[in-house]
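Heads up, the thing below is written out as structure tokens.
Just so you know, these numbers use all the heavy atoms, side chains as well, and skip hydrogens, waters and symmetry mates.
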Amino acid sequence: MSHLDCRTHPKQLGTPKGVSHALGCSGTGSMPGDRKMPSKHSQGKKRSVFESYMSKESVSAGLKRGTLIQGVLRINPKKYHEAFIPSPDGTRDIFINGVVARNRALNGDVVVVELLPKDRWKVIKTDDSDKGGDTVPESDVTEELLRTPPQQLGRRCTADSPDVILEAQLNDSETEDGQEHGPSVLAEVTQEKGEYQIAVVCHLGNSPKSQDTRLCPDNLLQRSAKVVYILEKKHSRAATGFIKPLADKNSELFRKCALFSPSDHRVPRVYVPLADCPADLVSRPNDYAQALFVCRIVAWEEHSHFAVGHLAKSLGQAGEIEPETEGILMEYGVDFSDFSPEVLECLPQALPWTIPPAEFSKRRDLRKDCVFTIDPATARDLDDALSCRPLPDGNFEVGVHIADVSYFVPEGSALDKVASERATSVYLVQKVVPMLPRLLCEELCSLNPMTDKLTFSVVWKLSPEGKILDEWFGRTIICSCTKLSYDHAQSMIEHPDKKFHEDELPPVSTDHPIEQIHQAILNLHGIATHLRRQRFVDGALRLDQLKLAFTLDQDSGMPQGCHIYEYKDSNKLVEEFMLLANMAVAHQIYRAFPERALLRRHPPPQSKLLSDLEELCDQLGLAIDFSSAGALHKSLTEMFGDDMYSLAWKEVLTNMCSRPMQVREATPRRPHPVLRGAQGEPRREKAPRAGLGQPGEVGRGGSTTEPPPFLHFHGGVLASGPKGPPPPPAGPIAEGFAASRPQALPLQNHHFKKVGKKPELTLIWEPESPQQKAVPQVITIFSLVEVVLEAEDDTLKYVATLKRPEGTQAPEDGPRDRDG
């Protein structure tokens, strides 16, 4: 397998010999009336599974007329036959039923859809969710499974799997040309005794007719559509998964191809050339049953249920942290390859590097000011610093200083190009994938203490209440006096009268005593408190969600423990001044370039999801004001107390409030914070004319991606064995956890019902001894329960087993207010 073990950049994943490229979505297709429809195949002719895409001209005309709708495709990861795009009017999402209707589009693609006739719209229940709930409509199953052989149905529905996943693709034993085999099949999904069960019924004739939707009121219908064009393939077309030989050893394909099954069921199965596979795959398939590979799709033709691709890399064993991490990075198109020699040549070659004397005449010298950094304890790229100096009139001179990366990034250079392509640094639990070479991030530009550094600064004159009295923008030179962690700054905030000693802090410059730094932190904290309070008075909304932090073994890198990351006053201090700097720069650019400035804003929440949430809160007796962002923040802040139960309620509700929110976007002719980011053209051109600096300026690339740390959490649970309940405060069970089935618990009985939108599950636990009585337990939204987590060996899934209630259960009648 050595031929697959080399490091492969996602953009180097080409097309294997003998495999044609996928038809691009920009290619001209047939007109809507001439599109190929699935029909009975004739001898020697392959039957079309998918429709041909519309032509560009037809799509453009349809979008203008309003007969076609554009949106980002979202596929349900639990039930991949369900997909959705947002409705342009903010009402219920548009439903796309099945793989055929998706027409080879993948999750995240920007697609154009055509609404189906009303008699083919989805009939929903009043308590269904737009996001793809737990029910499986019969129409979702019949269309996709009519051409699926009986032995294929339900093959993933094992006792170990908490989810029912219906395979809607052909079994690999079927021929590639889509020949029909035997009678058609209808799979009916029913719910019995709390579990989904599949009844497979053979039909020799046509499938039964579905309910006449023309008789249903509009509020029980969900508009349904089919994809007719892919505007932009946002999905990388790369996936991690497993390979195996084809089942039919007598077929011609068996000697040419293997089958790649992606771990993500939203991605189709793929034929890959045997030449890409290990030489002994056919003779020793079991050796590769748990080997993880990366495959890239290069074609998916109209006549095939399967895509065609090639193996890009062998990653290692499934379930291990490093192979899984590398697979995720490749799936999302993150460039984690080493920087090329051409890129590295753009950096200073004579080290250690010092600031040229000419720069001192071009910049404001702030090296004598008390400047310091506040970052996580493990941070190595220190990209921002703060300063605070009291003035004789009782006000303060406050500065935010950002590393001036643009000095080292010549416009149009190889370094500039790779920075634009990567766009951001990606922060993982155990490492960072940097946007720029480490020499630049961690040494040349990092604001390390007691070293002269080039920066871009915003300096204000602020009142103690945070009112801006004056401001200045420009290029500067600073010399940080110390590198503080958030914990150091927090300790100073919590102990304003304490005298800190040298052994309690990192090294401090002799030019600035510890007392001066301590007082600067206290002054900044006081101003930040006023700034934060005013932001929320002005209508800001913050929806904080739980974030896991890990302690890792220094040798193995495996997780030793985890805890909830606590967002403290020191974090809020830094956040407030970064926001203030971004807003100040945005306003400055808007004043200088009102026609070209951009506004980064959040669109309004999706109205249907928000109204459903409001209805649910009303039924739960929660007086939440959803009229504005500020009103929602006030409700969440004032309604809940500080005890563990109230905090758990707040955490669950905050999670629910996040779901209707939409991703932020940029619109022209409004301010946009531009101190950060890799796209440097606007900053290079606008900075000097806006009074922000000289030509050549580009902001420091900010970090974005912090993927969910499920790999490390899985590793920790697997290594330490089943985990009991964490200490309070508790939060909602995270996505990705599967609750144990009622049949696996010692229960006498259980039943489920919904009152409006409020679900309620009643469990009757068997007595532990004949002398005891059965224990009833009612579980609904906001119920606090104790579970034991167990990680499966060969997957990244968990099972949360409910513990028998003991003693007095937690109150579930609502959150406690602050006075109670």
Side-chain angles (χ1 to χ4, degrees), residues 321 325 328 373-384 424-433 483-494 506 521 525 528-529 532 541-554 557-579 633 636-637 640 642-644 646-658 661 702-717 719-720 723-737 784 787 789 791 796 798:
I321 290 177
T325 298
I328 292 172
T373 59
I374 305 176
D375 288 278
T378 57
R380 292 186 294 180
D381 52 339
L382 314 179
D383 58 356
D384 51 66
T424 183
S425 295
V426 179
Y427 285 78
L428 306 173
V429 172
Q430 76 277 32
K431 61 184 177 182
V432 178
V433 180
K483 173 190 174 182
L484 297 177
S485 69
Y486 284 115
D487 289 338
H488 293 138
Q490 185 65 29
S491 181
M492 291 181 173
I493 293 171
E494 293 176 354
I521 293 289
H525 171 61
T529 301
R532 185 178 182 84
L541 170 65
R542 184 182 182 92
L543 297 174
D544 284 318
Q545 299 194 45
L546 294 179
K547 177 181 175 182
L548 279 179
F550 295 84
T551 54
L552 304 179
D553 183 89
Q554 292 184 351
M558 287 295 292
Q560 293 180 315
C562 67
H563 60 277
I564 302 298
Y565 183 82
E566 189 175 355
Y567 193 75
K568 300 180 179 179
D569 287 337
S570 56
N571 302 86
K572 297 174 184 178
L573 183 157
V574 175
E575 179 187 48
E576 286 307 315
F577 286 105
M578 296 304 117
L579 286 172
H633 176 83
L636 293 175
T637 302
F640 298 95
D642 296 325
D643 60 282
M644 62 173 289
S646 296
L647 291 174
W649 272 70
K650 183 178 181 181
E651 180 59 40
V652 175
L653 190 59
T654 298
N655 185 281
M656 296 168 65
C657 289
S658 301
M661 303 304 171
S703 63
T704 61
T705 317
E706 294 192 35
F710 61 90
L711 291 176
H712 284 76
F713 191 72
H714 176 271
V717 175
S720 60
K723 286 185 176 293
I733 294 178
E735 295 181 9
F737 289 85
L784 278 175
V787 298
L789 296 180
L796 294 174
Y798 311 86

Derivation and outcome, side-chain contact (heavy atoms from CB on, under 4.5 Å), residues I521 and L484
CA-CA 11 Å; I521 293 289; L484 297 177; 4.0 Å; yes
Atom pair [atom1] ([X]) and [atom2] ([Y]), whose distance is rounded to the nearest 0.5 Å:
X: I493; Y: Y486; atom1: CD1; atom2: OH; value: 11.0 Å
X: R532; Y: R542; atom1: CZ; atom2: CZ; value: 5.5 Å
X: E651; Y: L636; atom1: CD; atom2: CG; value: 11.0 Å
X: K650; Y: C657; atom1: NZ; atom2: SG; value: 11.0 Å
X: M656; Y: L543; atom1: CE; atom2: CG; value: 12.5 Å
X: L573; Y: T529; atom1: CG; atom2: OG1; value: 8.0 Å

Could you go through T325 and Q430, starting from their C-alpha distance and side-chain angles, then the distance that decides it, and tell me whether this counts as side-chain contact (heavy atoms from CB on, under 4.5 Å)?
CA-CA 10 Å; T325 298; Q430 76 277 32; 3.5 Å; yes
With a 4.5 Å limit on heavy-atom distance, are the side chains of R380 and V432 in contact?
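They are not in contact (no side-chain heavy atoms under 4.5 Å apart), so the answer is no.
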CA sep, side-chain torsions, deciding dist, call: I374, F577, side-chain contact (heavy atoms from CB on, under 4.5 Å)
CA-CA 12 Å; I374 305 176; F577 286 105; over 6 Å; no
Testing H525, M492, Q490, E575 for side chain to side chain contact (heavy atoms under 4.5 Å, CB included) with S570, which one passes?
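Single side chain to side chain contact (heavy atoms under 4.5 Å, CB included) partner of S570 among H525, M492, Q490, E575: Q490.
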Take I564 and L548 through the side-chain contact (heavy atoms from CB on, under 4.5 Å) test and state the conclusion after the steps.
CA-CA 5 Å; I564 302 298; L548 279 179; 3.8 Å; yes
If we ignore hydrogens and angles and just use 3.5 Å, is the side chain of K483 paired with the main-chain N or O of A379 as donor and acceptor?
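Such a contact is found between K483 side chain and A379 backbone.
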So, does S491 use its side chain to make a donor-acceptor pair with the main chain of D487 at under 3.5 Å?
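Looks like no, no N/O pair under 3.5 Å.
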Modelled atom types, side-chain donor and acceptor of H488 and S485, under 3.5 Å
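Per modelled atom types, H488 and S485 side chains form a pair under 3.5 Å.
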